[in-house]
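Each remark here refers to the structure printed beneath this line.
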Amino acid sequence: MRELPPPDPGSPDDRSATRYLGWLVRQAWVSVSAAVFFAVVWMVCQAFTPAVIGKAIDAGLAHHDGGQLLIWSMVLFVVGLVQAGAGLLRHRRAVYNWLASAYRTVQVAVRQAGWLGVALPRRLDAGEVVAIGTADITHIGNAVDITARGVGSVVAVVTVTTILLVTSVPLGLVVVLGIPLLMAVVSVLIRPLHHRQQAYREQQGRLTGRATDMVGGLRVLRGVGGEPVMSQRYRAESQTLRAAGVRVARVEALLHAAQVLLPGTFLVLVTWLGARFAISGKITVGQLVSFYGYAAFLVSPLRQLTETIDKLIRGHVSSRRVVSMLRVRTDLPGPARPLPMPERGELVDPVSGVVVRPGLVTAIAAAVPADAVAVADRLGRYTASGAGTTLGGVPLKDLDPAAVRARIVVADNDARLFSGSLRDDLDPEATGRVAVALEAASATDVVAALPDGLDSEVAERGRSFSGGQQQRLRLVRALVADPEILVLVEPTSAVDAHTEARIADRLATARAGRTTVVCSTSPLVLDRADHVVYVEDGTVVAEGTHRELLDSSFAYARTVLRE
């Protein structure tokens, strides 16, 4: 897939949204062009059908000429065959264009989310991202899909108008003057519809975000008794969204009414005028039938024109949201010219004074757990405050972000298990290290209890596993990745003491020769570490082995022994 040109700086505007839709069309220009061609053939065949029927009536029935009747009947049959074939091919191209546009939008959104990485939650609301992948791709796909039918409808209207003008100037003028009237009525409804759809889309994103937060924190809400408060807020916001949806529906109802009323008015007017002209002898019976057919046929392209406007507006609104996401920039930018990655060296956080020596298991115990989490984020350069962190004397901010992510992995308890096969979740690259990692994380019993072992399906967010089981499986995934530097944040906080002891005993063996950092205040984990760093008020105040610190630092002993 070709790259999307970077959006202009500033807030999303109509021009950038239009440019995005244009980019989607250019990505599949062959298919879109084919859809337009087949749509034009399909609609023109329908436009010529009344004329062929009128010729058959005048040349065959009115003059009792069987030969002419047969010829025009065969012409009608051929036109019908071409119309059917073009309609089939147009529909196939339309479905492809819808899918291509919708899923290209998914691709660019996922690529942007991956590029933002850890900055994504800080820069974008989760509900906004979810809404792009659900509602917006549908509207964008519809906007590209309707392009072919919209062009075909314009050509068909022009064709019918030309035929009517050639046959009868008054009837042709009815169409020529009536179509601008229809577009004028529709344009009156477009602006309020655009604004209301924009407001509805923004409220939908906020409500989706609220729902995502509630689902993610449901256990916490139940624990603190916050369910009624959050439910009340969600109920109020959903009613606001419902009211916004009703306002959008009112304008859409008027638009749909215009789609029926105005073309129907054309049908009545053209039929009435045609009948009067036939009675007065200005047109033949066959031409009267043709005019009625044209009037009835015009209902379809005129309705499709208004549908095109409606779907283009919806797609435009959704495109603005996508462009808004694509404009977001990470607060952890990479260097223009990355420095070479050092072969090996100490990982140093100058803010706290933590020094991680290569090849050792270093434990970070903090009086306030949030301080340890902040140190872990800086060591992995997951926050802007970690710009001064160095690896082998080279600042992480001067290294290629992708290389840093491959070299340093921070595994915390916010990581989620994904739906699908457990084997694919734990070892997506099929490294073959799952068995060893399961043993090290003391998670073999979790897999053994599953009906299909590693081939069992994981429920959404791993909800079928307990908190302790999820934590051990997350540890397995981190060990399977086997990075040079692994930072673990409270990897055993949700397991029992016996399991925690087994994990602490096996972790050093599983990570032999690699650098490991464990943020924990568990005496079982700290006792197995090669080096322990004690952090208080965000700064290192003591370091040594676990037993040395128990003897030399009262604050450390009080923290880890919970006294």
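Residue pairs satisfying the salt bridge (Lys or Arg N to Asp or Glu O under 4.0 Å) criterion with at least one member in residues 540-556, sequence neighbours excluded, are listed as follows: D527-R547. Among pairs with a residue in residues 513-523, those fulfilling salt bridge (Lys or Arg N to Asp or Glu O under 4.0 Å) read D482-R514, at least two apart in sequence or across chains.
Here the CG-CZ distance, from L561 to F554, works out to 10.0 Å after rounding to the nearest 0.5 Å. Summarising the geometry, atom CZ belonging to R381 is positioned 7.5 Å from atom CG belonging to L396; distances are rounded to the nearest 0.5 Å. From I132, atom CD1 reaches atom OG of S318 across 9.0 Å, with rounding to the nearest 0.5 Å. In this structure, NE2 on H531 lies 8.0 Å from CG on L549, to the nearest 0.5 angstrom. In this structure, L524 CG and I503 CD1 are separated by 10.5 Å, a value rounded to the nearest 0.5 Å. Note that SG of C519 is 4.5 Å distant from CD1 of I364, once rounded to the nearest 0.5 Å.
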Show me, pair by pair, the donor-acceptor contacts under 3.5 angstrom made by side chains of residues 350-361, not counting sequence neighbours?
from : atom 1 : to   : atom 2 : distance (Å)
S352 : OG     : D349 : OD2    : 2.6
S352 : OG     : V354 : N      : 3.3

Return all side-chain donor-acceptor pairs below 3.5 angstrom for residues 434-451, not counting sequence neighbours, or 'none' if the list is empty.
from : atom 1 : to   : atom 2 : distance (Å)
S442 : OG     : R502 : NE     : 3.1
S442 : OG     : R502 : NH2    : 3.4
D445 : OD1    : R472 : NH1    : 3.0

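A donor-acceptor distance shorter than 3.5 angstrom exists from the side chain of S456 to the backbone of D452, with no hydrogens or angles considered. Proximity of a side-chain donor or acceptor of R405 to a complementary backbone N or O of D400 within less than 3.5 Å is not detected. Checked by atom type and distance alone, the side chain of T539 never pairs as donor or acceptor with a backbone atom of V535 at under 3.5 Å. Remark: side-chain polar atoms of T499 are not paired, donor with acceptor, to backbone N or O of V495 under 3.5 angstrom. Side chain of Q112 to backbone of V328: a donor-acceptor contact under 3.5 angstrom is found. Under a 3.5 Å cut-off, the side chain of D496 and the backbone N or O of H498 do form a donor-acceptor pair. Within the 3.5 Å criterion, the main-chain N or O of R378 finds a donor-acceptor partner in the side chain of T389. Q469 contributes a side-chain N or O that, together with a main-chain N or O of S466, makes up a donor-acceptor pair within less than 3.5 Å.
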Could you go through W23 and R19, starting from their C-alpha distance and side-chain angles, then the distance that decides it, and tell me whether this counts as side-chain contact (heavy atoms from CB on, under 4.5 Å)?
CA-CA 6 Å; W23 174 81; R19 189 164 71 97; 5.8 Å; no
Starting from the C-alpha separation in whole Å, work towards a yes-or-no answer on side-chain contact (heavy atoms from CB on, under 4.5 Å) for D371 and V368.
CA-CA 6 Å; D371 290 341; V368 178; 3.7 Å; yes
Under the criterion side-chain contact (heavy atoms from CB on, under 4.5 Å), I'd like the reasoning laid out for V404 against M341: C-alpha separation, chi angles, the key distance, then a yes or no.
CA-CA 8 Å; V404 172; M341 178 69 71; 4.3 Å; yes
Evaluate the criterion side-chain contact (heavy atoms from CB on, under 4.5 Å) for residue pair V532 and T545; output intermediate values, then yes/no.
CA-CA 5 Å; V532 179; T545 65; 5.8 Å; no
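Annotation for G141 and S101: closest pair CA-CB, 4.1 Å, computed over non-hydrogen atoms.
Under the 4.5 Å side-chain criterion, counting only non-hydrogen atoms from C-beta, V540 is not in contact with Y534. Taking the side chain as every heavy atom from C-beta outward, V108 and Y20 approach each other to under 4.5 Å. With a 4.5 Å cut-off on side-chain heavy atoms, T362 and T516 do not count as touching. In this structure, the side chains of T105 and L24 come closer than 4.5 Å at one or more pairs of heavy atoms.
Partners of D455 under the side chain to side chain donor-acceptor pair (under 3.5 Å) rule, at least two apart in sequence or in another chain, are R423. D398 is linked by a side chain to side chain contact (heavy atoms under 4.5 Å, CB included) to L339, P395, counting only residues two or more places apart in sequence or in another chain. Contacts of R407 classified as salt bridge (Lys or Arg N to Asp or Glu O under 4.0 Å), with partners at least two apart in sequence or in another chain: E484. For N97, the side chain to side chain donor-acceptor pair (under 3.5 Å) partners at least two apart in sequence or on another chain are S31. S493 is linked by a side chain to side chain contact (heavy atoms under 4.5 Å, CB included) to N413, Q471, E490, counting only residues two or more places apart in sequence or in another chain. Annotation: side chain to side chain contact (heavy atoms under 4.5 Å, CB included) contacts of D505 (sequence neighbours excluded): R528. A search for side chain to side chain contact (heavy atoms under 4.5 Å, CB included) contacts involving T138 returns W98, N142, not counting sequence neighbours. Residues satisfying the ring pair (Phe, Tyr, Trp, His ring centres under 6.0 Å) criterion with H546, sequence neighbours excluded, are Y556.
Here the rule is side-chain contact (heavy atoms from CB on, under 4.5 Å) with L347, and of V517, T515, T390, I485 only I485 fits it.
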